[in-house]
Amino acid sequence: MFFRRMGSRPASLSDAVYVEVIGALHGTLVPIVFAGTSQAIVGIIAARQTGDNVTAVLTAIGVIVALIRGFGVLAFRRRAAKKPPIDRAEAARLGRRYAIGTASTAFILGLFAARSLMLDDSICSMMAMGIAFGFGAGIVARLSMLPALALFDLSVLGLPAIAVVFARFAVPRVGLGMLIAIYLVGSFEMVRLTFNSSVNQIMLKEQFEKLARLDPMTGVFNRSVLASDLSGIIAGGEGGMVAVYAIDLDHFKAANDRFGHPVGDALLKQAAGRLTSLAGPGGLVVRMGGDEFVLIQPCARSRNEAEALAQRIVETVSAAYSVAGHEVVIGASIGVAVAPDDGECVEALLSRSDKALYRAKVRRGGYAFAGDSPEHQRAA
């Protein structure tokens, strides 16, 4: 019921956001230190005041759990500083470890508060309940992005005390039990509201970041993506070749001048769509500006395969377009640079593919490779 009222579920978080959430949980030792220190202080006072061995045992267990959780946070920080970066699967394992720790703390504090109510010492009860309520507020603040864990922790924190006050029925105790129940329900609602608000903000952020990477006219990527993504594609080539195709649409300006800008814009969109279909799921198509594009082929098995794609690009882009009742024919000139033969960095590959494009444009309607001499240009 609670999750159905949520606009989103934790599973809807992207991998990057989930890893970020788990990292944030391990970002500070303060809540762990405060919980352990507070329970130690109150437990020692309560045990000496009442002579209760159960309180002493719960205090010792709570301090031990706090120490274990603290070492877990330090271990996470050491791992996060190493490579490779933490992925979602590893983050999920680390998150489960954190969940066990925080649930153990909540359960111990819940038993600690319930035991203090059984001892009929008002000062000790007040201090124990204060720790429990404070830890509950921290759960709402820290764990709202993991609502299932937050709800479980709040439940094991509050239900033992509620059970004790209702078991020993008296009007003041019933009132206290009702206040604790109201606190839990209010905390549940705060978790829900905080989760929905946080997820909506994250989704808006991701949408803005995605839009910032796209060319608004054609819907393909803009040139900023080359700086951020191409280096990763080259590094992940795993021994294969990465081919960079610098593409210029031949005769586009003439078509744009003849039929008008609306037809020219539609022509660019159709050409971008054709390039996207050729790039395939792992490739990138980038509009550099005007009628210039770059296509990235991340897993070319050989130079012959790169050459075959260059030929397909020329043929596909040069096929007739139907735009607003007009049949429009343009062409494509292509310069090709291949990593690692023509360079292993973004700047080198873009520069050499652009120089090869310049040679290809001399005759138009063909392609040239960066490593070839001028007379080796291929015509369409």
Side-chain angles (χ1 to χ4, degrees), residues 215 217-223 225-226 229-230 233-234 237 240-256 264 267-280 282-321 328-380:
D215 173 60
M217 178 182 293
T218 61
V220 299
F221 291 110
N222 60 37
R223 63 191 307 156
V225 171
L226 291 176
D229 291 19
L230 182 52
I233 292 174
I234 296 171
M241 302 170 65
V242 177
V244 177
Y245 304 81
I247 304 165
D248 186 84
L249 303 183
D250 297 331
H251 313 299
F252 171 78
K253 185 178 183 302
N256 192 54
L267 188 59
L268 283 174
K269 293 178 184 178
Q270 290 192 28
R274 294 184 183 185
L275 292 174
T276 300
S277 65
L278 289 171
L284 289 179
V285 176
V286 176
R287 185 187 178 204
M288 302 296 287
D291 60 352
E292 296 181 2
F293 295 84
V294 168
L295 187 150
I296 309 297
Q297 182 185 21
C299 298
R301 289 186 292 270
S302 65
R303 179 187 169 98
N304 289 337
E305 184 174 321
E307 185 170 345
L309 180 56
Q311 182 64 40
R312 289 201 305 275
I313 293 173
V314 172
E315 294 171 353
T316 301
V317 172
S318 300
Y321 297 81
V328 184
V329 177
I330 58 174
S333 296
I334 305 172
V336 187
V338 179
D341 295 346
D342 299 319
E344 297 185 13
C345 67
V346 174
E347 294 77 10
L349 290 171
L350 293 178
S351 174
R352 290 169 184 171
S353 64
D354 193 60
K355 291 178 181 178
L357 172 62
Y358 181 81
R359 296 203 314 270
K361 289 174 65 175
V362 173
R363 293 177 54 184
R364 296 187 178 233
Y367 57 91
F369 276 73
D372 291 348
S373 56
E375 60 271 15
H376 287 163
Q377 176 196 331
R378 279 75 166 177

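Because the structure is a prediction, the values reported are computed rather than measured.
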Is it the case that the side chain of [X] and the backbone of [Y] share a donor-acceptor pair, with hydrogens and angles ignored and the cut-off at 3.5 Å?
| X | Y | answer |
| --- | --- | --- |
| S351 | A348 | no |
| R274 | A319 | yes |
| Y367 | A332 | no |
| D354 | L350 | no |
| R352 | A370 | no |

Can you tell me how far [atom2] of [Y] sits from [atom1] of [X], rounded to the nearest 0.5 angstrom?
| X | Y | atom1 | atom2 | answer |
| --- | --- | --- | --- | --- |
| L278 | L295 | CG | CG | 7.0 Å |
| Q311 | T316 | CD | OG1 | 9.5 Å |
| E292 | S333 | CD | OG | 11.0 Å |
| D291 | D248 | CG | CG | 4.5 Å |
| D215 | F293 | CG | CZ | 7.5 Å |
| I330 | Y321 | CD1 | OH | 4.0 Å |

Within the 4.5 Å heavy-atom criterion, are [X] and [Y] side-chain neighbours or not?
| X | Y | value |
| --- | --- | --- |
| V336 | L309 | no |
| F221 | L226 | no |
| Q297 | E305 | yes |
| R287 | L268 | yes |

Heavy atoms only: give me the nearest [X]-[Y] pair and the separation to one decimal.
| X | Y | answer |
| --- | --- | --- |
| G343 | L349 | O-CD2, 3.6 Å |
| V328 | A255 | CG1-CB, 3.8 Å |
| S318 | G331 | OG-CA, 3.5 Å |
| G283 | P298 | CA-CD, 3.8 Å |
| A360 | G366 | CB-O, 4.0 Å |
| V294 | A246 | CG2-CA, 4.4 Å |

**Study point:** Other residues, nucleotides, ligands: >12 heavy atoms within 6.0 Å of R223 CZ
**Key:** no
Practice item. Let me see the working for L284 and D229 under side-chain contact (heavy atoms from CB on, under 4.5 Å), right down to the final yes or no. Key: CA-CA 9 Å; L284 289 179; D229 291 19; 4.0 Å; yes
